[in-house]
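We number each residue from 1, following the sequence as shown. Because only heavy atoms are used, hydrogens play no part in the values below, and waters and symmetry mates are left out as well, while side chains stay in.
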Amino acid sequence: MTSMMFAALGDENRWRMLQALAERPRSVGVLAELTGLRQPQTTKHLQTLARAGLVVVHPAANRRYYGLREEPLRELAAALSELADRVAEHRDRGESFEQMAAAIETERLAADRPNWADDRRYAFTRSIDAPLRDVWRRITEAELLAAWWSPRDLRLSELEFTPAVGGRVVFEYVDADDPDGAGGVVGRAEGRVDAVDPDRRIAFHTTPLLPDGSAAFTAHLDLALSGVDGAVTLEVDYRITDSVIESADFVAGIRTGMEESLDALVRVAEAEAGSTSTPTTEIQED
């Protein structure tokens with residue numbers, strides 16, 4: 001019903017009718033005069049408002065009077081207040097649109113020379129209530145990686161991950177809302193596996209490519225598992241080298257992208273194990 005109310009309010013004439021009805025019940029004729037519409041048009045607008053539950057009608061002799069309902073308006077106000085609270089919550093977590101735009105602009109200003117972001121480091125930690133072996137498989141097997149690696153707004157269109165030293169690594173992305181990939185590739189990274197300690201640690205590097213196919217930077221990722229079944233800790237060290245000036249926008253998205261991917265890993269791993277846990281994150285820059 002809330003969506004119907006929002007849809008009903010998306011018309012200037014209906015909004016003017018509600019403003020008039022907030023003062024007192026009014027007839028169709030009076031509302032038509034106040035809005036400058038013909039009576040048939042006014043009646044149709046009122047019918048839309050009535051279906052959305054915003055107004056009620058009462059016949060009196062040969063006239064029909066409409067009144068504004070208070071309760072649904074308060075429901076709408078509560079829904080809007082909840083949205084505003086969510087915006088504030090995510091702003092406090094550094095996830096607002098303004099903060100994202102500011103982060104991109106900051107990185108663009110910092111990218112004033114070759115190798116500008118070299119040795120930038122990010123550290124991420126996740127506690128996962130799942131069997132250790134299952135978590136290991138989810139971070140090393142391509143078929144399972146595909147379920148969580150990409151951020152929410154992207155989808156993996158090609159994934160290659162060979163968990164052996166020298167093994168090839170390929171991540172290729174399309175927009176998540178482009179199921180057929182008709183819009184083309186929006187991101188690609190290629191690299192190799194550097195070290196493997198089965199069930200405990202895997203390290204690899206990838207090179208995200210700029211739109212012209214040149215390298216943006218080299219990302220060195222080290223994923224380490226510790227703990228026991230049901231209390232697994234994943235620590236991710238992410239380090240940048242070989243950064244070029246044009247990589248600023250890519251670098252600005254690292255934190256958000258990795259956060260979303262690791263949150264997805266926790267969800268899918270614990271969904272199978274039937275439990276939940278709380279993530280923590282630390283970001284470091286050298």
Can any side-chain N or O of Ser214 pair as donor or acceptor with the backbone N or O of Leu210 at less than 3.5 Å?
no
salt_bridge(Arg108, Glu246) N-O dist < 4.0 Å
no
Is a side-chain donor or acceptor of Arg69 paired with a backbone partner of Gly53 at a separation under 3.5 angstrom?
yes
Roughly how far, to the nearest 0.5 Å, is the CZ atom of Arg255 from the OH atom of Tyr122?
9.0 Å
Rounded to the nearest 0.5 Å, how far apart are CZ of Arg14 and OG1 of Thr48?
5.0 Å
Correct closest heavy-atom pair for Ser150 and Ser261 would be C-OG, 3.5 Å
Quick check: does any side chain N or O of Ser81 sit under 3.5 Å from a backbone N or O of Ala77, one acting as donor and the other as acceptor?
no
Looking just at side-chain N and O atoms, do Ser243 and Asp118 make a donor-acceptor pair shorter than 3.5 Å?
yes
Tell me whether Val251 shares a hydrophobic cluster with Ile245, the cluster being built from Ile, Leu, Val, Met, Phe, Trp, Tyr side chains joined at under 4.5 Å.
no
Do you know which of Leu262, Leu144, Leu265 makes side chain to side chain contact (heavy atoms under 4.5 Å, CB included) with Ile139?
Leu265
Return each pair, listed once, that meets side-chain hydrogen bond (donor to acceptor under 3.5 Å, both in side chains) where at least one residue sits in residues 22-32; pairs must be two or more places apart or across chains.
Glu23-Arg26, Ser27-Arg63
Test side-chain contact (heavy atoms from CB on, under 4.5 Å) on Leu37 and Met17; report intermediate values, then the result.
CA-CA 11 Å; Leu37 299 175; Met17 290 178 191; 3.9 Å; yes
Closest non-hydrogen atom pair, Ile128 against Val266
CG1-CG2, 4.0 Å
Atom CG in Leu49, atom NE2 in His45: separation rounded to 0.5 Å?
8.5 Å
Taking atom CD of Glu33 as the centre, does the number of heavy atoms from other residues, nucleotides or ligands within less than 6.0 Å exceed 12?
no
Any salt bridge between Arg16 and Glu12, counting N to O under 4.0 Å?
no
What distance separates Ser226 OG from Arg200 CZ, expressed to the nearest 0.5 Å?
7.0 Å
Residues 212-233 vs salt bridge (charged side-chain N to carboxylate O under 4.0 Å, His left out), sequence neighbours excluded, gives Arg201-Asp222
Are any non-hydrogen side-chain atoms of Val185 and Tyr173 less than 4.5 angstrom apart?
no
Let me see the working for Trp149 and Leu156 under side-chain contact (heavy atoms from CB on, under 4.5 Å), right down to the final yes or no.
CA-CA 8 Å; Trp149 182 262; Leu156 284 164; 4.1 Å; yes
Do the side chains of Leu34 and Leu9 join up, straight or via other hydrophobic residues, at under 4.5 Å, putting them in one cluster?
no
Parallel, tilted or perpendicular for Phe250 and Phe217, by the 30°/60° rule?
perpendicular
How far apart are the C-alpha atoms of Asp194 and Ile202, what are their side-chain angles, what is the distance that settles it, and do they pass the side-chain contact (heavy atoms from CB on, under 4.5 Å) test?
CA-CA 8 Å; Asp194 300 311; Ile202 187 163; over 6 Å; no
Go through it in stages, so that I can follow the logic: the residues are Leu225 and Asp199, the test is side-chain contact (heavy atoms from CB on, under 4.5 Å), and I'd like the CA-CA distance, side-chain angles, deciding distance and then a yes or no.
CA-CA 7 Å; Leu225 296 177; Asp199 293 336; over 6 Å; no
With distance as the sole criterion, is a donor-acceptor pair present between the side chains of Thr125 and Glu235 under 3.5 Å?
no
hydrophobic_cluster_shared for Val30 and Tyr65, side chain cutoff 4.5 Å:
no
For the CZ atom of Arg188 and the OG1 atom of Thr207, what is their distance to the nearest 0.5 Å?
11.5 Å
Can you tell me how far the NE2 atom of His205 sits from the CD atom of Glu190, to the nearest 0.5 Å?
10.5 Å
Thinking salt bridges, do Arg126 and Glu259 make one under a 4.0 Å N-O criterion?
yes
Joint hydrophobic cluster, Leu76 plus Leu68, side-chain heavy atoms closer than 4.5 Å
yes
Residues, nucleotides or ligands: over 12 heavy atoms within 6.0 Å of Trp116 CH2:
yes
In one Ile/Leu/Val/Met/Phe/Trp/Tyr side-chain cluster, 4.5 Å: Val236, Phe204:
yes
Any idea which heavy atoms bring Ala273 and Pro131 closest together, and the distance?
CB-CD, 4.2 Å
